[in-house]
Amino acid sequence: MDSEQRRHDYLQAMGISSWLPRTALPAAKASPDWVNTFLYGDYGSEGFDDLDDAGGHENHHSAHEVVVAHQTTHQLADALQKSPPLSSGHAREQLQAGLNALTTNKPTGVKQENADNATAPQGAPSPAAELAANIEIKPRQHKEEIPTFRLAFWLFEQAIVIDSMPPQGRVGQNLDRHQRLCVNMIRAMGANAELVASPYVLPWPILVGDALSQGRTVASEAVRYKLEKVLADHPPRPIILLGESAAQMVMQREESIDDMRGMVFNYRSDAKVVISHSLTQMLQIPECKKEVWQDLQALLPLAAYVTPADDTASSLS
């Protein structure tokens with residue numbers, strides 16, 4: 001107790017105001033015993049006289065009364081919580097009424113009630129009612145649902161391929177299988193199938209937990225940021241989006257993969273986009289390769305999208 005008093009005195013000397021609960025809240029965890037007897041600041045050695053500008057001691061509680069009131073509040077709260085479910089309603093009402101009377105932070109003398117009636121106009125709402133009327137209750141803000149996906153980026157000389165890979169599984173083994181199929185697809189389109197840069201895999205969510213916002217909007221911005229970095233470091237070229245996650249994140253759309261297939265989009269004025277099935281679906285269902293090949297016809301021939309700078313680089317290599 002002495003050490004706690006000394007700590008608060010030090011804080012007061014440094015200009016730091018301390019706060020301690022003065023009322024036991026129903027269903028709240030009970031405070032340590034020293035909280036009920038600890039007096040600090042305006043409630044300390046100077047007593048309670050400073051709380052009332054009108055002076056007088058009739059309406060003030062002594063420190064002993066405050067301690068007794070806190071102890072009684074704890075007892076009533078415990079009794080209310082521990083009362084059996086089948087106890088009489090009258091008994092519970094009595095316990096609740098006593099608890100409410102002790103937690104109002106208001107003296108229960110007749111003089112105080114007369115003072116309140118004298119200051120408040122007849123029929124005027126109480127301060128508590130006015131405060132409740134001014135409180136704006138806002139609906140709880142639900143966090144945006146965090147999507148789960150994994151996108152693989154392949155940069156070829158004449159095309160950029162972004163594929164929706166399974167969120168789970170070993171990255172190395174799956175990436176090798178997907179890369180072989182992706183290379184064969186670019187070669188079948190009559191383009192150079194050599195990679196310009198090492199493949200890159202973007203998993204989402206990047207971090208575990210809810211500390212940061214990793215919803216759909218942030219995820220789409222992260223994917224587009226990666227794509228913009230690729231386009232900034234290399235000349236623009238057609239973009240092939242394989243799978244629903246790649247199409248929705250890059251194009252910032254919510255349609256299903258079936259609603260976006262067979263159309264040519266513009267990511268930028270110098271970057272055409274075609275959407276089709278993922279490499280995983282082609283590996284699992286070889287029959288869908290025919291549909292993918294039909295979707296890719298909109299970009300053929302790929303050589304038509306190569307800039308003169310790319311032609312020069314190809315002839316020198």
Side-chain angles (χ1 to χ4, degrees), residues 144 147 149-165 178-179 181-204 215-282 288-314:
E144 192 177 10
F149 59 84
R150 188 170 56 174
L151 302 183
F153 290 71
W154 284 284
L155 178 61
F156 295 94
E157 183 178 337
Q158 296 175 342
I160 299 174
V161 179
I162 304 178
D163 177 55
S164 307
M165 298 184 66
H178 288 68
Q179 181 169 316
L181 179 57
C182 184
V183 168
N184 292 336
M185 181 183 68
I186 296 298
R187 183 178 293 115
M189 297 177 71
N192 185 0
E194 293 184 5
L195 290 172
V196 178
S198 300
Y200 174 81
V201 177
L202 174 64
W204 198 269
R216 187 182 186 89
T217 303
V218 178
S220 178
E221 292 176 354
V223 173
R224 291 172 67 93
Y225 174 79
K226 174 59 182 177
L227 181 56
E228 289 292 342
K229 292 282 291 181
V230 173
L231 294 175
D233 297 337
H234 301 86
R237 58 205 70 196
I239 302 172
I240 303 174
L241 302 179
L242 303 178
E244 191 168 85
S245 296
Q248 291 180 346
M249 292 298 108
V250 173
M251 302 307 299
Q252 295 182 335
R253 303 175 72 99
E254 297 183 0
E255 295 95 322
S256 66
I257 186 70
D258 294 331
D259 294 334
M260 292 185 285
R261 285 184 51 237
M263 295 184 292
V264 178
F265 298 88
N266 287 326
Y267 178 78
R268 293 188 335 196
S269 60
D270 54 359
K272 302 293 183 180
V273 175
V274 166
I275 299 172
S276 191
H277 297 300
S278 66
L279 296 174
T280 300
Q281 188 168 353
M282 285 188 275
C288 74
K289 293 180 180 179
K290 181 178 180 181
E291 298 179 0
V292 175
W293 181 248
Q294 292 176 351
D295 297 335
L296 297 178
Q297 299 302 307
L299 292 181
L300 296 182
L302 278 178
Y305 298 94
V306 179
T307 61
D310 286 336
D311 284 334
T312 303
S314 301

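In this structure, CG on Leu300 lies 5.5 Å from CH2 on Trp293, to the nearest 0.5 angstrom. Atoms CD and NZ, from Glu228 and Lys226 in turn, are 12.0 Å apart once rounded to the nearest 0.5 Å. Between the CZ atom in Phe156 and the CD1 atom in Ile240 there is a gap of 8.5 Å [rounded to 0.5 Å]. Rounding to the nearest 0.5 Å gives a distance of 2.5 Å between NE2 of His178 and OG1 of Thr280. Rounding to the nearest 0.5 Å places OG of Ser245 at 12.0 Å from CE of Met165. One finds the CE atom of Met282 at 11.0 Å from the CD atom of Glu291 (value rounded to the nearest 0.5 Å).
Looking only at side-chain heavy atoms (C-beta outward), Met185 and Lys289 stay at 4.5 Å or farther from each other. Using a 4.5 Å heavy-atom cutoff, the side chains of Asp233 and Leu155 are not in contact. A 4.5 Å side-chain heavy-atom check between Gln179 and Leu195 finds at least one atom pair inside the cut-off. Counting heavy atoms from C-beta on, the side chains of Leu231 and Arg268 come closer than 4.5 Å. Put simply, the side chain of Ile275 does not reach to within 4.5 Å of the side chain of Met263, judged on heavy atoms. Using a 4.5 Å heavy-atom cutoff, the side chains of Leu279 and Cys182 are in contact.
Scanning both residues, Phe265 and Met251, for their nearest heavy atoms gives CB-CE, 3.7 Å. Here the closest non-hydrogen pair linking Ser276 and Asp295 is OG-OD2, 2.8 Å. Taking all atoms of both residues into account, the shortest heavy-atom contact from Gln158 to Ala191 is OE1-CB, 2.8 Å. Nearest heavy-atom pair across Asn192 and Glu194 is OD1-N, 3.1 Å. Of all heavy-atom pairs spanning Pro147 and Trp204, the tightest one is O-CD1, 3.2 Å. In terms of heavy-atom proximity, Ala246 sits nearest to Asp163 at CB-C, 4.5 Å.
The closest donor-acceptor contact from the side chain of Ser164 to the backbone of Leu242 lies under 3.5 Å. Although no hydrogens or angles enter the test, the distance criterion places a donor-acceptor pair under 3.5 Å between the side chain of Arg224 and the main chain of Val250. Remark: the backbone N or O of Glu157 is paired with a side-chain donor or acceptor of Arg237 at under 3.5 angstrom.
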Exercise. Give the intermediate values and the outcome of side chain to side chain contact (heavy atoms under 4.5 Å, CB included) for residues Asp259 and Arg253.
Key: CA-CA 11 Å; Asp259 294 334; Arg253 303 175 72 99; over 6 Å; no
Quiz item: Can you list the steps and then say if Leu202 with Tyr225 is a side chain to side chain contact (heavy atoms under 4.5 Å, CB included)?
Solution: CA-CA 11 Å; Leu202 174 64; Tyr225 174 79; over 6 Å; no
Practice problem: Determine, step by step, whether Tyr267 and Ile160 satisfy the side chain to side chain contact (heavy atoms under 4.5 Å, CB included) criterion, reporting the C-alpha distance in whole Å, the side-chain angles of both residues, the deciding distance to 0.1 Å, and the verdict. | Solution: CA-CA 12 Å; Tyr267 178 78; Ile160 299 174; over 6 Å; no
Practice problem: Verify side chain to side chain contact (heavy atoms under 4.5 Å, CB included) between Arg216 and Glu254, making sure each step is shown before the conclusion. | Solution: CA-CA 10 Å; Arg216 187 182 186 89; Glu254 297 183 0; 4.3 Å; yes
